[in-house]
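FYI, side chains are in, hydrogens and waters are out, and symmetry mates aren't considered; it's all heavy atoms of this structure. The shown structure was predicted, so the numbers you read here are calculated from the model rather than taken from an experiment.
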Amino acid sequence: MKNKTGTISGFVFGLAGFLLMFKFVFLDNIPPEDELAPGIVVFISILNGTLFAFIGNLIQNYFAIQKNHK
């Protein structure tokens with residue numbers, strides 16, 4: 001589990017970050033009469049979480065390599 005910390009935290013950060021950004025930036029500016037596709041919002045947030053999980057994994061691997069070289 002220790003080697004998955006970067007991936008899991010990156011996924012949670014990306015997913016929650018996108019949903020919060022969507023709420024504060026887009027949802028407040030959309031009139032209630034307009035229909036939104038909630039499936040697309042969830043799908044994009046999962047893709048964003050996956051991207052951040054990959055980035056978190058890269059960062060974790062970078063610091064693990066730096067730690068092993070010292």
Side-chain angles (χ1 to χ4, degrees):
M1 190 67 180
K2 187 177 179 182
N3 58 354
K4 297 292 182 189
T5 304
T7 304
I8 293 170
S9 62
F11 182 79
V12 170
F13 178 75
L15 185 87
F18 176 80
L19 289 176
L20 281 173
M21 182 198 65
F22 185 80
K23 162 77 172 102
F24 291 128
V25 174
F26 296 111
L27 204 56
D28 289 340
N29 297 326
I30 296 175
E33 298 86 33
D34 289 343
E35 292 185 20
L36 286 175
I40 270 303
V41 174
V42 171
F43 180 69
I44 292 174
S45 66
I46 290 173
L47 285 178
N48 195 31
T50 305
L51 175 68
F52 273 81
F54 178 70
I55 292 170
N57 189 16
L58 288 178
I59 291 171
Q60 182 180 3
N61 289 339
Y62 174 77
F63 283 120
I65 290 171
Q66 294 295 325
K67 182 180 172 183
N68 289 337
H69 284 302
K70 289 185 178 183

Name all pairs fulfilling the salt bridge (charged side-chain N to carboxylate O under 4.0 Å, His left out) condition that reach into residues 38-52, sequence neighbours left out, sorted by first residue then second.
->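 For residues 38-52, and leaving out neighbouring residues, there are no salt bridge (charged side-chain N to carboxylate O under 4.0 Å, His left out) pairs at all.
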Under the side chain to side chain contact (heavy atoms under 4.5 Å, CB included) rule, collect the residues that match up with [X], sequence neighbours excluded.
X     : result
Leu58 : Phe54
Pro38 : none
Asp34 : Ile30, Pro31

May I ask whether [X] and [Y] are part of the same hydrophobic cluster, defined by side-chain heavy atoms of I, L, V, M, F, W, Y residues being less than 4.5 angstrom apart, directly or through others?
X     : Y     : value
Leu36 : Phe18 : yes
Ile44 : Leu27 : yes
Met21 : Ile40 : yes
Phe24 : Leu15 : no

Hits for ring-ring contact (aromatic ring centres under 6.0 Å, His included) against Phe52, two or more places apart or cross-chain, chain-then-number order -> Phe13
Residue list, ring-ring contact (aromatic ring centres under 6.0 Å, His included) with Phe22, at least two apart or on another chain | Phe26
Taking only residues at least two apart or on different chains, which pairs with a member in residues 46-57 satisfy side-chain hydrogen bond (donor to acceptor under 3.5 Å, both in side chains)?
->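 Checked against side-chain hydrogen bond (donor to acceptor under 3.5 Å, both in side chains) - neighbours excluded - the pairs reaching residues 46-57 are Asn57-Asn61.
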Quick one: salt bridge (Lys or Arg N to Asp or Glu O under 4.0 Å) partners of Asp28, sequence neighbours excluded?
-> Lys23
If you link I, L, V, M, F, W and Y whenever their side-chain heavy atoms are under 4.5 Å apart, who else ends up in the same group as Leu51?
-> Ile55, Ile59, Tyr62, Phe63
Identify the heavy atoms of Phe11 and Ile46 that sit nearest to each other, and give their distance.
->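 Minimum heavy-atom separation between Phe11 and Ile46: CE1-O, 3.9 Å.
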